[in-house]
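Letters A, B, ... are given to chains in the order of the sequence lines, protein chains preceding strands, and every chain is numbered from 1. From a predicted model like this one, the values you see are computed outputs, not experimental measurements.
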There are 2 protein chains.
Amino acid sequence: MDRPLETRELMQFLAVADELHFGRAAARLGIAQPALSRTVQKLERRLGVVLLERSSRAVALTSAGQVLAGEARRALEAVNAAARRTRRASADDPHLVLAMKAGGDAGLLPAILTACEREPCSLPVRVVFQIDRVGLLHDGQADAALLYSPADDLRGLDTEPLLTAPLMAVLPPAHPLAARASLRTADLHNENVHPRHGPATGPEPGNLTELLQLVALGHKVALVPRFVTNSLREDLACVPVTDAEPVTLLLGWPAHSTSLAVAALARAVGAARPHGGAAAAP
Amino acid sequence: MDRPLETRELMQFLAVADELHFGRAAARLGIAQPALSRTVQKLERRLGVVLLERSSRAVALTSAGQVLAGEARRALEAVNAAARRTRRASADDPHLVLAMKAGGDAGLLPAILTACEREPCSLPVRVVFQIDRVGLLHDGQADAALLYSPADDLRGLDTEPLLTAPLMAVLPPAHPLAARASLRTADLHNENVHPRHGPATGPEPGNLTELLQLVALGHKVALVPRFVTNSLREDLACVPVTDAEPVTLLLGWPAHSTSLAVAALARAVGAARPHGGAAAAP
DNA sequence: CGTGATCGATAACCTGGCGGCATGGACCGT
DNA sequence: ACGGTCCATGCCGCCAGGTTATCGATCACG
């Protein structure tokens, strides 16, 4: 009665936790509903814990069920990451995968890559452009990523800072705030700012070009770190936001990584850091 | 062919990876050897990766196998932690478990606990004394722990610093170095220092009292942060080690924790911090 | 150089767990 | 009252995963 939980059980429980409906969850899993009911019951007996409050009309998570839902998601992520990393480790074409947003390297990527080649134990680096870089790290599809603090969730990652820069507001030139020398967060209170916390309003840009297009149209105001604005279109105004926390660009990789090649890449980031010195801590 | 790995498969593979011997691994798992052979083969076919190099006389891990061994250990730890945390979350006696070394709180624990009671969403705290506090956090047996940087491996944890103090060498009064006003790491080169990296020499003390006994006998020299020496026995000398990195005492908890009670405890640590200000970053 | 020991792989068989279908029973809306 | 929805239960078939027996390769040894 003390043998470990199986991933199959966790997956089935998670499906129910997501749907809060055995029938739909079973359909999503491609199995019949009775099998699902019994698996969850067995899981509850095994744990000695009630995970779901069911009536014939509704299903709800107990507090223990909420805990398991979160933990199970992490655990399954770890299992899938194990499979992906193992497959990648056995590729006949050994390499590292570095995830980044297009244009999010502050122009430092070439310097990093050449520095990396010089490091011992380095491997060729393959760059993939992706929004959800943290997700790629956690599920084992990428070995390292260029991230931003405080925008990205760095928990569970090791990091090496690259550079820190203030946050800038990007505005159409005709905007009343565009002439200001500096702004405060409160000045943008009524603007359609991107990125925004909370529900999205209107179209969400998928990349920087789309975002700048929306800014030029006056539909949005963009908040980006200064190292992005260096290569900006000429027809937009940039104003620093003085009371916003500055943004740190950094290399992140999964904590507990034992890859020598990742360590080499991290050293390369340290070497490619502008001014050679240590950047401010995130 | 793309369904996730099962924990049973990972456990069996790990047993082989540990023993490098199918017979012994099978015995450890309480199953017969052929079943184990087949499970590992199936795992290899599923991943499309050779994990083990077997001859009829020896078994060795391939590099991919080494990767999977490490990843599988983490993944299984996460699965077991999920079960433990779920069981603990459903206890009819809700509480937090705080792991620490005896005497390792710098005398601040009472202040932390009273501050915690005042926080919203706090829970009663149960303290357990344990050496391997990081392990307890990772396998879900503890919710938070008092840790030391850089001694403990903080990867995968969130932390809240408590205080920072220099490292002190504890010596018997008759020791030739005991009269010095300060030491450097090199001065202790020939001493039997504790804690020591590398193989243990002689008896390893299990707690502070045992360690100090060995110091008094002249069998060891102890290196401890200054906040420990405040409550030291009178018959021992303490000398600061000037070129050693200072030690930060901090509260650590699993990254990705969503527990409001853990957050309350972290806020309490911030409130109980001496001088009220921010401690130096770890 | 034969012989026995060791150890992983294979073959043949058996069992229990898991999933399928049909149905029961609680609850709600009309 | 009745039909609809939804989770639980009973029963059945199948295969994943276990067992024992055995093979084949390799090495130590007299």
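For DNA chain D, the neighbouring residues in residues 5-22 of chain B, judged by any heavy atom under 4.0 Å, are B:R8, B:Q12. Of the residues in residues 24-38 of chain B, those placing a heavy atom less than 4.0 Å from an atom of DNA chain D are B:I31, B:A32, B:P34, B:A35, B:R38, in numerical order.
Checking side-chain atoms of B:H95 against main-chain N and O of B:D93 turns up a donor-acceptor pair under 3.5 Å. The backbone N or O of B:T7 sits less than 3.5 Å from a side-chain atom of A:E6, completing a donor-acceptor pair.
Nucleic acid contact for A:R54: sugar-phosphate only, since backbone atoms but no base atoms lie under 4.0 Å from a heavy atom of the residue.
Around atom CD of A:E53, no more than 12 heavy atoms belonging to other residues, nucleotides or ligands sit under 6.0 Å away.
Side-chain atoms of A:D139 and A:Q141 include a donor-acceptor pair closer than 3.5 Å. Side-chain N/O atoms of A:T39 and A:E9 include no donor and acceptor closer than 3.5 Å. Between the side chains of B:S37 and B:Q41, no donor N or O sits under 3.5 Å from an acceptor N or O.
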CA sep, side-chain torsions, deciding dist, call: B:R126, B:L96, side chain to side chain contact (heavy atoms under 4.5 Å, CB included) = CA-CA 6 Å; B:R126 200 165 295 179; B:L96 288 186; over 6 Å; no
Report task. Begin from the C-alpha positions of B:F13 and B:L61 and carry the test side chain to side chain contact (heavy atoms under 4.5 Å, CB included) through to its verdict. Result -> CA-CA 11 Å; B:F13 168 72; B:L61 283 169; 3.9 Å; yes
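Under 4.0 angstrom from either OP1 or OP2 of C:dG17 there lies no side-chain N or O belonging to A:K42. Not one side-chain nitrogen or oxygen of B:T39 sits closer than 4.0 Å to the OP1 or OP2 atom of D:dG17.
A straight line from CG of A:L43 to C1' of D:dA8 spans 17 Å, rounded to a whole angstrom. Rounded to a whole Å, the CG atom of A:L52 is 14 Å from the C1' atom of D:dC6.
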